Amino acid sequence: MRDLTAYDIQTLIVAARWTLLLALISFTGGAIGGLVLAGLRMSRFAPLRLLAGLYVAVFQGTPLLLQLFLCFFGLSLLGIEVSALGAAAFAMICNSSAFLGEIWRGSIAAIPKAQWEGAVSLGLSRPQQFVFVIAPQALRIALPPTVNYMVQIVKNTALASIIGFYELSKMGSVLNNITFSPLAIFGAVALIYFFICFSLTTASRRLEVKLHERG
Amino acid sequence: MNAVELHEVCKTYGDTAVLNGVSLVARKGSVIAIIGRSGSGKSTMLRCVNGLETIQSGRIDVAGHRIGDGRTNLRMLRQKVGIVFQGYNLFPHYDVLNNVTLALRLVKKISRTEAEEIAARVLGQVGLAEKLRARPSELSGGQQQRVAIARSLAMAPEIMLFDEVTSALDPELTGEVLKVLADLAGSGMTMLLVTHEMAFAQNIATEVVFMHGGKIWESGPPSQLFANPQTAELRKFISQ
């Protein structure tokens, strides 16, 4: 045991970059996966729709913690050694893909069929219909729930501490074991999470207003 | 020369037959008003002409393309056949100018400057030259519908389809849209209109087609059709 110092708080802030990195990987990977899933869910081919639907159901219907365990312990049982970051990133990308895919599928489905028809009647190809007519409108609908989910991702990264990934929460408990100042340590940890999430929602609100002004 | 020719066209939704062997010929430059009750199949027929609806049997020859043999290039066809909808279907995230130029640039690969010249011309034609920078949401229903007509005209179609284009408008705004349609008919455009405006059908159309139960019951020049209906169904429809 030793006393809490300013240096400990600094250590926390440095550890937060791992939280940010994991969140960034999860969101970027999840965004790509989500786009693919949303596309598959609207595919003309029933088997693809079914497969994507099954994927979404599985990942939305099981706890992220279990998905993390399966990726970390399950893979090593199969003889595939993965680092804590690797396992956490993989599990969280799979998880975010399911949620973001559903958010985006819903946003696209919310655009009236008349918009597709207006575009198709002018001779636009299917990709052109999507890129120039549907996507810009769906984007506005998708923005608030997407940012909402980004905030979830940031907080979800705390679960990775359980498989031994030294991000913000893990560093918090380590420092608490040394200094035993739970109130100060976990208070500071919470504050850092709040700062990250609050910045996200503030930026999103600005963007929303901007998009709204553009009409 | 025939611009549109439908031959024994049949369409079903599941077990329900919507079009039950429809045959129709529209000569170049003719203005055909299609009348009938809701559910008579008139809008469906119109939407078949530019391939928005698929048909189960029969064939449609339109602007040199044949629908029904499964090999139609619908994108090519739709550049020659414009359609205007009851709900305008303008793109709310673009201003009037971009609504009109989008397909010119993307589909016809026309440069922006040239596309904007075309847009200015067609918007002038519908009396909206001063609304280039307005958003659809800033316009009245009648103005929005005129933009939709201009958007279609910009593509220089050979045939124009109008699907109840004044049905969502109040009487005051209906007039301004009908005037644009009348001008267009006067310019020699081949037009197929599904409409509830009987006076308009009577005055502007070269031919009126009465549909009932997925079939054409009567057709002919408006003077003849309205003055001397042959079937009880049309008599009943007109007298309402």
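Worth knowing before you read on, the calculation uses all heavy atoms, side chains too, and leaves out hydrogens, waters and symmetry mates. Letters A, B, ... are given to chains in the order of the sequence lines, protein chains preceding strands, and every chain is numbered from 1. Keep in mind the model is a prediction, meaning the values are calculated, not measured.
Only the side chain of B/L102 comes within contact range of chain A, judged by heavy atoms closer than 4.5 Å. Looking at B/R151, the atoms closer than 4.5 Å to chain A (heavy atoms on both sides) sit in the backbone and in the side chain alike. Contact of B/Y88 with chain A is not made at all, since no heavy-atom distance falls under 4.5 Å. Contacts of B/F85 with chain A are made by side-chain atoms alone, with heavy-atom separations under 4.5 Å and no backbone atom involved.
Contact annotation: the side chain of B/F162 approaches that of B/L184 to within less than 4.5 Å [non-hydrogen atoms, C-beta and beyond].
Side-chain contact annotation: B/T12 with B/Q56, donor-acceptor N/O pair under 3.5 Å present. Side-chain atoms of B/R135 and B/N99 form no donor-acceptor pair, as typed in the model, at a separation below 3.5 Å. Between the side chains of B/E53 and B/Y13, at least one donor N or O lies within less than 3.5 Å of an accepting N or O.
Among B/L52, B/L77, B/I83, B/L104, the residue with the largest count of heavy-atom pairs under 4.5 Å with chain A is B/L52.
The residues A/E102 and A/R105 are annotated as salt-bridged, a charged nitrogen and a carboxylate oxygen being separated by less than 4.0 angstrom.
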